Amino acid sequence: MLNIALPKGRLGDKAYRLFNACGYPCAAMEQDDRRLVLVSDDKRVQYLLVKPSDVPIYVEHGAADVGVVGKDVLLEGGNDVYELMDLGFGACRMCVAAPEGFRENLGAPLRVATKYPAIAKRYYAAKSRDIEVIKLNGSIELAPLLGLSDVIVDIVETGSTLKQNHLEILETVLPISARLIANKAALKFKTCEIQPLLATLQTILKKGENA
Ligand code: PRP
């Protein structure tokens with residue numbers, strides 16, 4: 001049986017719809033309960049519902065053979081997994097944003113609030129800009145409003161959180177979307193299960209049937 005780690009929440013719901021379209025339906029997934037391990041109707045795959053940031057950890061350690069994860073989580077975690085495919089959905093971008101009218105003091109380290117310290121450090125290191133990272137776990141937009149940071153590095157999807165908090169985008173760090181990842185050993189030893197899944201995913205994504 002193939003173990004597939006799905007991120008709980010919106011991204012996971014979209015991922016399941018895609019796997020369903022690929023021929024791996026799971027009636028249990030439609031029920032609103034608290035189960036975390038759900039076997040597909042034909043018992044070919046087992047869906048594991050995990051916290052989004054933990055998906056690459058389950059896959060790296062082989063607790064899941066494949067998983068679906070945002071590129072943001074993948075880059076931040078730096079886990080030793082194969083990135084197999086861009087699944088296209090969950091599109092947004094990682095941006096630097098600041099209060100409207102912000103003027104940077106180039107004589108001091110830039111104070112950056114973010115859920116993504118590794119991505120922020122890499123981004124500013126490449127620009128040779130000194131920063132002080134303030135790691136937060138949510139509501140990042142609040143930090144510059146209260147003077148906790150100068151800017152934020154965060155995900156922007158519709159842009160409404162920024163707008164409603166009077167922040168504006170200064171720079172785009174990178175585009176983000178959902179990726180299919182695989183455990184390195186599983187890709188070798190479970191080729192018979194993984195390859196057909198990859199082939200079907202490719203066909204469906206090409207046709208845009210998952211939309
Ligand atoms: C994410 C992100 C932004 C918001 C962007 O937060 O950190 O705050 O979504 O979306 P938008 O551009 O469509 O407004 P999330 O909803 O995950 O909550 P969080 O603040 O707890 O991180």
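Every value quoted in this text rests on a predicted model; they were computed, and no experiment measured them. Every number for a ligand or one of its atoms is a count from 1 in the order of the listing.
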Could you walk me through whether L49 and M29 pass side-chain contact (heavy atoms from CB on, under 4.5 Å), step by step?
-> CA-CA 10 Å; L49 305 185; M29 200 70 93; 4.3 Å; yes
Under the side-chain contact (heavy atoms from CB on, under 4.5 Å) rule, what do V156 and T172 come out as? Steps first, then yes or no, please.
-> CA-CA 9 Å; V156 179; T172 294; over 6 Å; no
Could you state the interatomic distance from [atom1] ([X]) to [atom2] ([Y]), rounded to the nearest 0.5 Å?
X    : Y    : atom1 : atom2 : answer
N20  : C26  : CG    : SG    : 9.0 Å
L18  : L205 : CG    : CG    : 5.5 Å
D130 : L106 : CG    : CG    : 11.0 Å
L174 : R93  : CG    : CZ    : 11.0 Å

Per-atom contacts of ligand 1 with [X], taking only distances under 4.0 Å to non-hydrogen atoms:
X    : answer
S160 : 12 (O), 14 (O)
G138 : 19 (P), 20 (O), 21 (O), 22 (O)
V156 : 12 (O)
S139 : 19 (P), 20 (O), 21 (O)
T158 : 11 (P), 12 (O), 13 (O), 14 (O)
E141 : 3 (C), 8 (O)

For K163, is the nearest heavy atom under 4.0 Å from an atom of ligand 1?
-> no
Same hydrophobic cluster for L74 and Y123, using side-chain heavy-atom links shorter than 4.5 Å among ILVMFWY?
-> no
Any idea which protein heavy atom is nearest [atom], and the distance to it?
atom                    : answer
atom 14 (O) of ligand 1 : T161 OG1, 2.4 Å
atom 15 (P) of ligand 1 : K115 NZ, 4.5 Å
atom 9 (O) of ligand 1  : I155 O, 4.7 Å

Geometric N/O contact G159 with ligand 1, under 3.5 angstrom = yes
Is N137 in polar range of ligand 1, meaning some N or O pair under 3.5 Å apart?
-> no
Evaluation steps, side-chain contact (heavy atoms from CB on, under 4.5 Å), between Q195 and L198 | CA-CA 5 Å; Q195 282 309 333; L198 286 182; 3.8 Å; yes
Counting only heavy atoms on the protein side, is anything nearer than 4.0 Å to atom 18 (O) of ligand 1?
-> no
Any protein heavy atom nearer than 4.0 Å to atom 5 (C) of ligand 1 | yes
Between F19 and Y47, how do the two ring planes meet: parallel, tilted or perpendicular, split at 30° and 60°?
-> tilted
Does D154 approach ligand 1 within less than 4.0 angstrom via side chain, backbone, both or neither, non-hydrogen atoms only?
->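 The side chain, only.
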Is it true that E83 and K71 make a salt bridge, defined as a side-chain N closer than 4.0 Å to a carboxylate O?
-> yes
